Asker: 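Quick one: this structure, given as structure tokens, is what I'll be asking you about.
For clarity, every value in this text was computed on a predicted model and none was experimentally measured. Residue numbers begin at 1 in each chain, while the letters A, B, ... track the order of the sequences.
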Amino acid sequence: MKIYNSLTRQKEDLTPLESGHFKIYVCGPTVYDFFHIGNARPFIVYDTLRRYLLWLGNQVTYVQNFTDIDDKVIIRANKEGITSKELAETMIGEYFHDADALNIMRASIHPRATESIDDIVRIVKILVDKGHAYVTDDGVYFSIDTFPSYGKLSGHNLDDLIAGASERVSDTENKRNPLDFAVWKFKKEGEPFWPSPWGDGRPGWHIECSAMSLANLGETIDIHAGGVDLTFPHHENEIAQSEAATGKPFVRYWMHNGFVNINYEKMSKSGGNFFTVRDLAERYPYHILRFFILQAHYRMPINFSDELLDATVTSWKRITSSVDHLAFVAKTAPKEATKSEEEQALQDAVTTCRYNWKNAMDDDLNTADAIAALFELVRAANTAASSGDVSAPALLEARDTLIELFGVLGASPSDTKEAACLLRLWRLWKQEPRLKACDYSRADAIRDGIGEGLLKSKIPPGRTGTAPLTRMDDPLYDCSISTFAWVGGAVFELCIRTKLAGDKTQARSPPWRQNLSARRMSGADGALLNDGAFDLTASERNLLQQALNFL
RNA sequence: GGCACCAUAGCCAAGUGGUAAGGCAGAGGUCUGCAAAACCUCUAUUCUCCGGUUCAAAUCCGGAUGGUGCCUCCA
């Protein structure tokens, strides 16, 4: 595959130094707060890269650090009256809570700065011994004048940088060059510290990543990744320190992802315009956030708004409903290949999809294009499923392809929560004898009655019969009764309305809505879903009972 | 001021020399108690603008305009 290398500013063939084994380092979070959707982008993007490399059959050693000692951590901890360590511990736990939910694989190693002090000191010592670093009265500084290629990653001209730095940076007295940066900061009152040959203190930010990369992955690694804002000075400094210390190339491919913007401006905590993933998860499922991020190429900036996430919810449903539908139709489809035109078309679509998907992923991880390829298969599969002349194996192959390839993106369309929740309600309703006796007029009356009687405020003007029945595990949805219908059996349907759709009240049928139609058309009875034991939560049972009281 | 990046439909977004993917929204149709879903059709003769190179440009070059980021902690 090809990857855009920030160092050379062009796409290059991505080959590991050690055949079949990629060594990747991703700059991890500074653990002083919940991370926001902008912070999440690199985690999601590089996790996807990792999944793809694994899918291709490679081994991947993936390191993502926690910066658990830093000005921000110290300030926040002091403010809350706890130790830096306590704050970091808590926030690392919160990181995993969100990251796991975003389906971000745990790194092979999650090193922490405070647990890497020995490695850091060792490198600082090498730098001092080699004359690349010098001691002042407030710390140990790296001397960029001893590293001639400084600026090669960011493309900055040294003179310009110095000019800029001189204007802004006031504490230059101790430094030989205004661009020199601290690799070790001597302790200050109220700050945690560790011993070093030059005095007690704590590591500078940049040296942490260098040390953790060198210690865990070796002197030369394949990929080092992070947000574009880290290019300078963070990554530039990492190169200088690491290469000055080892004398070897530090990183072979540098990858930088674009920002998540709000109103076309960078999302940042200092700017105050940010949404934490935790807050967003109250309104959107985690997999929607992940899918949203992957819909754009990773190097492009993406704008962020509820409106865009709403569109993502709708498009994601197109995928999940197709996947569910295929499984259902396959149950009654011919067992043997039909040799029909439709069957051939579907098989071709699967082949085309795989080809286009891989090409897209190979081209600098173009997930946007890869997703487009998958949508084309969704369309072809829906067409095939509705033709009635495609065999079960062919339908299931299409379904498996979708699940597999979306799975590589870390967003699996099977086994989603909304499907599971609706399944449970479907099973319960199916058992309700009173429902079997309704006719349309009665059903509509019931529907309206529920709407008016139960939850007036939720009924949008001009619509009848939507009433939240239960709140499901997935916080995105209110489950609403939309319609009760009777067609030669107990047939009724649910209508999902996303809370976020607000007044638009875009009603979306659950994935198995198509199951109902198919069942009706084929005349087959029951057996739509496996009737096994099921449990309702107390609140589900309660709300359902309220609804049934109107029958 | 210096250095980068970006500009594609109502919205989002691929496409980097061969005649505009995909999603959302919208319109018409098929199907259907109504509705929804699904499927079909339509929705940018044109890619911010102006020049240039080429048989051929959204794509390459030059310029203009607009936007963003970095140069200070930042994903």
Asker: Would one find a side-chain N or O of A:K11 under 4.0 angstrom from OP1 or OP2 of B:U16?
Answerer: no
Asker: Would you kindly compare A:R41 and A:A380 by the position of their nearest RNA chain B nucleotide and give the one closer to the 5′ end?
Answerer: A:A380
Asker: The test is side chain to side chain contact (heavy atoms under 4.5 Å, CB included); show your working for A:L102 and A:H287 and say whether it passes.
Answerer: CA-CA 6 Å; A:L102 286 168; A:H287 66 265; over 6 Å; no
Asker: It should be established whether A:Y264 places a side-chain nitrogen or oxygen under 4.0 Å from OP1 or OP2 of nucleotide B:C12.
Answerer: yes
Asker: Tell me if a side-chain donor or acceptor on A:N303 pairs with a main-chain N or O of A:Y264 at a distance below 3.5 Å.
Answerer: yes
Asker: Kindly say if A:N366 contacts the phosphate of B:A14, meaning a side-chain N or O under 4.0 Å from OP1 or OP2.
Answerer: no
Asker: Can you tell me how far P in B:U53 sits from the matching atom in B:C12, rounded to whole Å?
Answerer: 35 Å
Asker: If the cut-off is 4.0 Å, is A:S386 near the phosphate of B:C31, judged by side-chain N/O to OP1 or OP2?
Answerer: no
Asker: When only distance counts, do a donor and an acceptor, one from the side chain of A:K266 and one from the base of B:C74, lie under 3.5 Å apart?
Answerer: yes
Asker: So what does A:L308 hit on the nucleic acid, given a heavy-atom distance under 4.0 Å: a base, only sugar-phosphate, or nothing?
Answerer: sugar-phosphate
Asker: Can you tell me the Watson-Crick or wobble partner of B:C55, both distances under 3.5 angstrom?
Answerer: B:G18
Asker: Measuring only the C1' atom in each nucleotide, how far is B:G51 from B:G69? A whole number of Å is fine.
Answerer: 29 Å
Asker: Do the side-chain N or O atoms of A:W316 get closer than 4.0 angstrom to the phosphate oxygens (OP1, OP2) of B:G23?
Answerer: no
Asker: Does any donor atom in the side chain of A:S6 or A:H256 lie under 3.5 Å from an acceptor atom in the other side chain?
Answerer: yes
Asker: Given the C1' atoms of B:C49 and B:A13, what is the spacing between them in whole Å?
Answerer: 23 Å
Asker: Are more than 12 heavy atoms, taken from residues, nucleotides or ligands other than A:F96, located less than 6.0 Å from that residue's CZ atom?
Answerer: yes
Asker: So what does A:N382 touch, heavy atoms closer than 4.0 Å: a base, only the sugar-phosphate, or nothing?
Answerer: sugar-phosphate
Asker: Which part of the nucleic acid does A:R9 contact within heavy-atom distance under 4.0 Å: base, sugar-phosphate only, or nothing?
Answerer: sugar-phosphate
Asker: Scan A:M267 against the nucleic acid and name what it touches under 4.0 Å (heavy atoms): base, sugar-phosphate only, or nothing.
Answerer: base
Asker: Closer than 4.0 Å, any side-chain N/O of A:R318 to the OP1 or OP2 of B:C39?
Answerer: yes
Asker: For the residue pair A:F304 and A:F275, categorise the inter-ring angle as parallel (less than 30°), tilted (30 to 60°) or perpendicular (more than 60°).
Answerer: tilted
Asker: What's A:A372 touching, base or sugar-phosphate or nothing? Going by heavy atoms closer than 4.0 Å.
Answerer: base
